[in-house]
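To keep things clear, I will list the structure first and then write my remarks on it.
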Amino acid sequence: MSNSPLVGILMGSDSDLGIMKEASEILKQFEIEHEVKILSAHRTPKLSAEYAETAHTKGIKVIIAGAGGAAHLAGVIAAFSPLPVIAVPIKSKSLEGLDSLLSMVQMPSGVPVATVSINGAKNAGILAAQILGVSDPKIQQKVLDYKAKLEKDVIAKNKNLTA
Ligand code: RP5
């Protein structure tokens, strides 16, 4: 494993950690170095911009950003960073995460973020691994192994069906 983190996992609040840790867990499974930070588009806008402007100079290759409600974190990071940004809409208390999803997915032309499903932090981690795997055969092999395991699990479930 490289010592320097390749993926930055950001979240708007520590209240997002319960979901966002799933991105960290799958990256650990793929043995991909990553860092985890709380950064808010609204509460720490300067720190968010600073992180986005400098992450690529420190060896980060992909950023995952989770936020809930008026979820502008991924968009703000994408505005300042040349890196691919994966957005995770966090399920909110009032609107079940639809507000988060729409805040993230409806980016203006020219500033994309790749938005996964509501609370889809695990998929965000897998997508980050797939992006890294394009230029790293070892990581790509781990993704292929993961997919083979998915298939094996479904085949086993079919064998166990009794109905
Ligand atoms: C967003 O507001 C965070 O991403 C979080 O999902 C939501 C609520 O934050 P807290 O009030 O729990 O800190 O910025």
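Atoms within a ligand are numbered from 1 in the order they appear, just like the ligands themselves.
Remark: Q29 CD to L27 CG distance equals 10.0 Å, nearest 0.5 Å.
A donor-acceptor contact under 3.5 angstrom links the side chains of Q141 and D145, judged on distance only. A side-chain donor-acceptor contact under 3.5 Å links H34 and S24.
In this structure, the side chains of V76 and P45 stay at 4.5 Å or more apart for every pair of heavy atoms.
Counting only heavy atoms of the protein, atom 10 (P) of ligand 1 lies nearest to S13 OG, 3.4 Å. Annotation: atom 3 (C) of ligand 1 to nearest protein heavy atom, D16 OD2, 3.4 Å. Protein heavy atom nearest atom 11 (O) of ligand 1, with residue, atom name and distance: R43 NH2, 3.1 Å.
Between D14 and ligand 1, not a single N/O pair is under 3.5 Å apart. Considering backbone and side-chain N/O atoms, H42 never comes within less than 3.5 Å of an N/O atom of ligand 1.
In the vicinity of A67, heavy-atom distances shorter than 4.0 Å reach the ligand 1 atoms 4 (O).
The minimum heavy-atom distance linking A74 with V85 is given by the pair O-CG1, 3.8 Å.
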Item to check | Trace of the salt bridge (charged side-chain N to carboxylate O under 4.0 Å, His left out) decision for D153 with K157 | outcome: CA-CA 6 Å; D153 288 350; K157 283 177 187 172; over 6 Å; no
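Looking at G97, S15, S92, G12 and measuring to atom 8 (C) of ligand 1, the nearest heavy atom belongs to S15. One option in A65, G69, G68 has a heavy atom closer to atom 14 (O) of ligand 1 than any other, and that option is G68.
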